[in-house]
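Notes to accompany the following structure.
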Protein chains: 2
Amino acid sequence: MVVKALKWVGEVDGFLELVDQRLLPGGFVKLECRDTEQLYEAIKTLAVRGAPAIGVSAAYGLVLGMQSLKSSESIEQGLQVLGESCEYLASARPTAVNLFWAIDRVRRKAEKFAAEKTEAGLVALRELVLAEAHAICAEDVEMCLRIGLNGEKFIRDGFHILTHCNAGALATAGQGTALSPMFEAHKKGRKFKVYADETRPLLQGARLTAWELQQAGIDATVICDNMAGWLMKQGEINAVITGADRIAANGDTANKIGTYSLSILAREHNIPFYIAAPSSTFDLSIKSGAEIPIEQRAADEVRNFAGTQTAPDGIDVFNPAFDVTEARDITAIITESGVIENPNIDNVAEHLGT
Amino acid sequence: MVVKALKWVGEVDGFLELVDQRLLPGGFVKLECRDTEQLYEAIKTLAVRGAPAIGVSAAYGLVLGMQSLKSSESIEQGLQVLGESCEYLASARPTAVNLFWAIDRVRRKAEKFAAEKTEAGLVALRELVLAEAHAICAEDVEMCLRIGLNGEKFIRDGFHILTHCNAGALATAGQGTALSPMFEAHKKGRKFKVYADETRPLLQGARLTAWELQQAGIDATVICDNMAGWLMKQGEINAVITGADRIAANGDTANKIGTYSLSILAREHNIPFYIAAPSSTFDLSIKSGAEIPIEQRAADEVRNFAGTQTAPDGIDVFNPAFDVTEARDITAIITESGVIENPNIDNVAEHLGT
């Protein structure tokens, strides 16, 4: 079974059920968020993570925020509370673009509704907010599915696939991006094996990708990041598929640190290298990878692990969150609306219809 | 200060002092081994590690073994006890070639001495065993120093050097192999920076290399293994220097897993790639890297860290200890007796005088 990272249970008075990703893979616990404070905490502490999953969760969080209203209150009071929830939830992960996007979308929809349907009451507004959260969720599920359907042909019977970090069901409301073609190929009964880079420093590959592949019944093997090149050299890898954090207009792709090295190693060993990501990942304001800013993360992510010191006190650490893979080293970008082979500025523009 | 992994303190009744590498980098504790049982435990549990350091420690262990003898006992009884210590210590790490080599060397020397000097007593035999252990130690110290002197010219002022795993002072009786050129360049006052790959799964780079560079006052930065390629892409690396576990007749080199990927990434970015290792690392019975057997290690090294589960229960793990870097991707092999540029079967044979 493909895991579901999140699910709304019930109607407007319901709650959001999340897989608590802080406890994986040691424990599989579902977290019930019944107010915005619980959801804020869940987003902030990475109980829920992955840009699409955060966005969808926050949209449902706006439904939770309105549950404190009495049905006798006015639609204006409803909009007021909704606005406060928006501000509050947006501050849970200050750099999460999908979070702001989802919150804004629900808020604008609610404001438009209130302006147009002046006779509507608070109950209708709450139902509208839930419907919009459901719509965002459903679109994400469909986007994931379409990426899978567009990408499954690249996974042939007997293939060994390498992936990095977690761009799976746990990162979305659906069945993920990079892992979605694997889930589709598996549904078709194809036999293949997936190597999951453990993905230091936060081990999303070992903790999350390996776990959700295992849950889905896909043959998965964990490796340390430094073993990928040697596996390729042994002829053990037929294709690499990763997700993307941001894609420039020319197809250069920012993704989890380590992806760049994999792209060079894949080229060296004549292995196709695929990016699977929604079209919304393209940022056409960025011409090439050179313009993508790279977040530096805290040294202690590398200096400590699970409370144990792994490097000397005070030692310098270089800990970039992402790197940039050049478009020329990407065999194809798999999106929900099709596949961009040999990505470059022209076929990216054509694909996006710009 | 360059750390000393081990030191014999006193005369024949002395003891072996080891830096307890199990506690690094969190704690710097010296372990006093006063009998063979303590030393056996230290070798077995990796309190002392690195092939040369294990060999030298075991040689001193034979001195410890003879301390239980009364001076009234015969030289034959001395040889008997020595033989028992040899068997015992050899079983501490069953695949450690240097361990067997050092033990055999002391034992043969003692047997020859007893056969030639029939008038000599037990006291003389014990002194001979200590002298031979000191000789093995001194040769290792000199070997390290010569590698450093031969290799320091490759580290220019302002360079950024990348290294992998730990082939430093902690792995030898002297100042290491891969790190020795760095210590020599530092003694000459050259300013440079070293990036230490943390080296999953056992983190010898983060725990040991970073620590001993820091102790020596060399500017060191820890990175996760998957960050090396991106650093190279940024122009941040001027040279890569690693150690070696075994070198084939054609120059192909087995070293810690991850070294192969670094060699490919270094070639891609036009960065020189050096191996620093004693001539004893060459195994001319092996024609090329394809013949080097690769040890597979326990899955739990990858599935757990410091008691915390990092991958799902029962997930498959691929955990090779080593990989093989091709001679064509090695700029030079730095040994105690000189530098082999562009290693191949001919210049390796010439270097070794075979």
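Lettering of chains follows the sequences in order, A, B, ..., and the numbering in each one begins at 1. Model, not experiment: these values are computed from the prediction.
- Residues A:L265 and B:S261 have side chains in contact (heavy-atom distance under 4.5 Å, counting atoms from C-beta outward).
- With respect to A:R303 and B:E198, no salt bridge is recorded, no charged nitrogen being found less than 4.0 Å from a carboxylate O.
- The closest side-chain heavy-atom distance from B:V302 to A:C224 is below 4.5 Å.
- The choice from B:D313, B:L231, B:L262 that makes the most heavy-atom pairs within less than 4.5 Å of chain A is B:L231.
- Heavy atoms closer than 4.5 Å to chain A are found in the side chain of B:E326, but not in its backbone.
- Here CD of B:Q309 is found 11.0 Å from CZ of A:R207. Values are rounded to the nearest 0.5 Å.
- Taken from CG in A:L203 to CZ in B:F305, the straight-line distance is 10.0 Å, to the nearest 0.5 Å.
- Heavy atoms closer than 4.5 Å to chain A are found nowhere in B:F28, neither backbone nor side chain.
- Between A:F318 and B:V222, the closest side-chain pair of non-hydrogen atoms is not below 4.5 Å.
- The aromatic rings of B:Y260 and A:W230 stand perpendicular to each other, their planes meeting at an angle above 60°, with 30° marking the opposite boundary.
- The side-chain heavy atoms of B:N319 and A:M227, taken from C-beta on, include a pair separated by under 4.5 Å.
- B:D197 does not touch chain A: none of its heavy atoms, backbone or side chain, sits under 4.5 Å away.
- Side chain of A:N226 to backbone of B:R200: a donor-acceptor contact under 3.5 angstrom is found.
- With rounding to the nearest 0.5 Å, the separation of CD1 in B:I315 from OG1 in A:T209 is 10.0 Å.
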